[in-house]
Every structure is written in structure tokens, then in C-alpha cells.
Amino acid sequence: MTTRYRVEYALKTHRRDQLIEWIKGLLAVPFVLHSHPTAVFEPDGESVDLQASVSQRRYAEIMRDVEEIINDHIAHQKVGKPDRSKLKLLVPTVGNFFTSLALHDAFIWQDQRRFISYRRFVPPSFNDIRLVLNTAQVMSLVRSGPLELITFDGDVTLYDDGNNLTPDNPVIAKILHLMRRGSKIGIVTAAGYTEAKRYYERLFGLLNALQTSNLPLESKQNLIIMGGESSYCFKFDGNSPDMLRLVPREDWLLKEMLLWTDSDIKELLDIAEASLKDTLRSMRMEGIIVRKERAVGIIPKEGHKFCRETLEETVLIVQKILDISEVGQRLPFCAFNGGNDVFVDIGDKSWGVLACQRIFGGIEGGKTLHVGDQFLSAGANDFKARLACTTAWIANPLETCQLLDEIAELDEMQQRKTR
Ligand code: IMP
Ligand code: MG
């Protein structure tokens, strides 16, 4: 059993988030000690509310402790020694934090909505903890001053995979509300097109709503699209036919990005294309190779669906091959599983978010939130955004709406406090 477990673990680390798994393990202890599954046979036993309040107190205490361990990690980060923190020993893959996390308060907030402490048979889950982390992140951001920039992934975050942002999408009103409150918005998507028209086709619901809204002209300029991870930048422009104006690269490229030469880009995409072709053949995939100026991918033939395992296998192979190539050490790239396609893009979302921060005048990572659905360590493209800013990991577009409602509610509470 042990061996089997270890093999599974070794092969699946890219499918786990170690911080979440660690917190899940900590919360399993009070669950085992304080939940009363047998209460269902004992109608005269302790009241449900009483048991839940004991459990809630224990869970919340643990979240407070985790909050402090993260603060200690941040203190180590500040003196340039994050590797020496206790958290790093406990969760070796943990990265840097841009803000502290209000985990205690966030747990109470989510518990009031998900009734985690009331559960007797189902312990705190991966999703419970993911949502508590999101709430903790937005609480800390709202409490520490205005949230200056919010960047969104496209597919699965704003609309269902492969769909478009249509006028009936409830997220539109919520994004306009954020803009009215002064936040800047970036849509940082892998979808890589050179013309504004293609982005208009995908995002027309939001672009039309912004055009007809009563937002001041200046605020309307606060929406940008960063496509192909970090390759194509468009700004909202009500006078352009597609409501978007291409911003020339020389106006926004970061100085490190100037080192990405055309010959390196070609070399990396050639290696990636050869690997994708190989896998396409060996796995008998019903797909075609798409080569673009700054990306290469496999998309399915009309009507075909790839299974998850095949998609993951394809990504992990191309990732490994590029990792060990010379050009792969020089040039940032992002190989990911897009749900029913696999793409290798030049650049990644950390560069996309950094460019948005720069375009809006140098916004800090601790004042920026990236919302996305792909945060596993391999084969996922939002993961890299963690290098540039705080993040929220959502599972579907409905969760994005709920997160934006949470931000609005917390913001309202904060306003009342400071009034
Ligand atoms: P995202 O979730 O907004 O980052 O979009 C990812 C999806 O965009 C992929 O799964 C593809 O279906 C689509 N896509 C279109 N063009 C490109 C490209 O050039 N690179 C990567 N993905 C692309
Ligand atoms: Mg996505």
C-alpha cells in the first residue's frame, strides 16, 4: 500500500497544491476529534449548534496559526531569506506572498456560507480551503487600501471554456462596478490573436456594455486586453470599429522582454512543434497542429474530444523537452492544457500581468489581483501570475461572480468603517 501511495504521489505532484493539502491536513485533526457522526443515532445528544460552534472555534484557531506562520514567512521574504522560514520547511513548494492573508476572518466568513463546522461526515475539503484562501486574499487587499488592478483570465474564469463573453453574462455589471470604484481591469488570456476583431468577437458583451455605460471617458480607458499570455496588448477605444486599439509593443514591453529575439522564438516553437507532432502521432490523437507567430498548439478535429490523460501527457512531454533545451532556459514559455487543446505560448501570464501593471503606471503586486482557473504547477497557465501579484483560484465563471460580489461587500463594509 505504502509503495503504491508513494508512486501515486510522485506522479501526481503536478495535480496537487501543497499549501492547500497542508492546511487540509491540519483541519482534519479537529474534524476527527470534534465532529460527532454518531449524533445522528442519538437525538438527545449535544445540540448541532453547540457542536458546530466548538468545531468552528478550533478550525478558526488553526487558521489564525497558519496566518501567523505566513506572516513569519513574509518577514523572512522581506530580509531576503524566504528559504529559512518555518513555512518553507513545512511546504517546500510555497512561493512568495504579496500580502498577509486574513485566514481567521475568512474562515468564519466562508463557514457562515458553507457550514463547514456543521458537517459530521465530510471534513474540510480542498474546495473549502481554496475558497477560504480566496476570501482571505480579498479581505487583506480591501483592508489595506484600494484594489488598484484586477486581471482576469478568459476561458472558464469569465465564460465557459471556448465560449464568448456575451451580453447576458452577469460578470459584466460586476466588472463595470469595479471600474466605477476606480479599479483598472486587464483581461490576461492565452487566446492569441493579432487583430482586434477576434478579441471583439470573444468579448463583445463587455466591450459593448462599457461603450454604452455612463462611465467617464477617462475610466473607460482603464480596460486592457493582454492576449497570447503576454504578446498582444489592446486598449479599449470607443472610436475604433472593434472598440479596441492595438498598443504597439514598443510602448509597453518590459526591458527583459526586449531580449526575446525572433530567432529564439522560432527555435523554441520549432522544438515544441516537433514534440507535439510526435505525441499527436503516438497517442493517435484526432487533432491538428496550429502554428502561430508566438504559439503552437494541438486542437481537436471537428467534433472530437481529447481525454484529460492524453492532454496532460502531451503537456508534460513538451514541457520536459523544452525545459531541457537551451533555448527553453533563456526564453519564458508556457505549456498548458486548455481543456480540449494544448498550447505552448511564448511568455507567460506573469509577464502579462507585469505589463498591465506597467501600462497603468506601475501598480504593485500587493495592489493587484489575478483571477483564474489554472493554478496547478504544471500544465496550467494562471499559475505563473503568482510571480507578479496576488491571486484568486476559481473553478467556474459563477465563482468569479461570487468573488466579485464578496469584494463589493467587503469594500462597502470598509467604506462604512472609515466614514
Ligand atoms: P484562457 O483561459 O483565457 O487563458 O484561454 C485559453 C484558451 O485560448 C486555450 O485553451 C485555447 O483554446 C485558446 N487559444 C486561442 N489561441 C491561443 C493561443 O495562441 N495560445 C493559447 N491558447 C489559445
Ligand atoms: Mg482559463
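Whatever order the structure lists them in is the order used to number ligands and atoms, beginning at 1.
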**Report entry** Contact partition for Asp345 relative to ligand 1, non-hydrogen atoms under 4.0 Å
**Finding:** side chain

Query raised in the report: What N, O or S atom of Asp373 is found closest to the Mg ion (ligand 2)?
Result: OD1

Query raised in the report: Out of the N/O/S atoms in Asp153, what is the name of the one closest to the Mg ion (ligand 2)?
Result: OD2

**Report entry** Pair Ser125-Asp128, side-chain donor/acceptor within less than 3.5 Å
**Finding:** yes

Query raised in the report: Is there a nitrogen or oxygen of Asp153 sitting under 3.5 Å from a nitrogen or oxygen of ligand 1?
Result: yes

Query raised in the report: Got a salt bridge between Arg143 and Asp105, using NZ or NE/NH1/NH2 to carboxylate O under 4.0 Å?
Result: yes

Report summary line: Filtering Lys292, Glu229, Glu293 for the heavy atom nearest atom 16 (N) of ligand 1 leaves Lys292

Report summary line: Atoms of ligand 1 under 4.0 Å from any heavy atom of Gly154, numbered from 1 in the order shown, are 3 (O)

Requested in this report: List the steps, then state whether side chain to side chain donor-acceptor pair (under 3.5 Å) holds for Asp168 with Thr166.
Outcome: CA-CA 6 Å; Asp168 54 348; Thr166 50; 2.6 Å; yes

Report task. Look at the rings of Tyr200 and Phe204 and say which category their plane angle falls in: under 30° parallel, 30 to 60° tilted, over 60° perpendicular. Result -> tilted

Requested in this report: Would you please test Tyr193 and Tyr232 for ring pair (Phe, Tyr, Trp, His ring centres under 6.0 Å) and show each step?
Outcome: CA-CA 7 Å; Tyr193 314 120; Tyr232 309 103; 8.5 Å; no

Query raised in the report: Does any N or O in the side chain of Arg249 come within less than 3.5 Å of the main-chain N or O of Ser231, such that one atom is a donor and the other an acceptor?
Result: yes

Report task. Please determine if Arg113 forms a cation-pi arrangement with Trp109, meaning its NZ or CZ atom is less than 6.0 Å from the six-membered ring centre and no more than 45° off the ring axis. Result -> yes

Query raised in the report: For atom 12 (O) of ligand 1, what is the nearest protein heavy atom, given as residue, atom name and distance?
Result: Asp341 OD2, 2.4 Å

Requested in this report: Please work out which of Gly339, Gly372, Ala190, Ala380 has its closest non-hydrogen atom nearest to atom 18 (C) of ligand 1.
Outcome: Ala190

Query raised in the report: Would you say the side chains of Asp348 and Ser350 form a donor-acceptor pair under 3.5 Å?
Result: yes

Query raised in the report: Just wondering, is there an N, O or S atom on Asp161 that's nearer than 2.8 Å to the Mg ion (ligand 2)?
Result: no

Query raised in the report: Would a distance-only check, ignoring hydrogens and angles, find a side-chain to backbone donor-acceptor pair under 3.5 Å from Arg358 to Leu253?
Result: yes

Query raised in the report: Which residue owns the protein heavy atom closest to atom 3 (O) of ligand 1, what's the atom, and how far is it?
Result: Thr189 OG1, 2.6 Å

Report task. Assess Asn381 for proximity to ligand 1: is some non-hydrogen atom of it under 4.0 Å away? Result -> yes

Report task. Provide the closest heavy-atom pair for Asn337 versus Glu312 in the form atom of the first, atom of the second, distance. Result -> ND2-CG, 4.2 Å

Report task. For Gly338, counting its heavy atoms only, list the atoms of ligand 1 lying under 4.0 Å from any of them. Result -> 10 (O)

Report task. Answer yes or no: is there an ion pair linking Asp72 with Lys86, defined by an N-O contact shorter than 4.0 Å? Result -> no

Requested in this report: Run the contact test for Lys349 against ligand 1 with a 4.0 Å cut-off on heavy atoms, strictly below, and give the result.
Outcome: yes

Query raised in the report: Out of the N/O/S atoms in Asp155, what is the name of the one closest to the Mg ion (ligand 2)?
Result: O

Query raised in the report: So, is Ala295 polar-close to ligand 1, with some N/O to N/O distance under 3.5 Å?
Result: no

Query raised in the report: So which heavy atom in the protein is nearest atom 14 (N) of ligand 1, and how far is it from that ligand atom?
Result: Ala191 CA, 3.7 Å

Query raised in the report: When only distance counts, is Tyr193 in polar contact with ligand 1, meaning an N/O pair under 3.5 Å?
Result: no

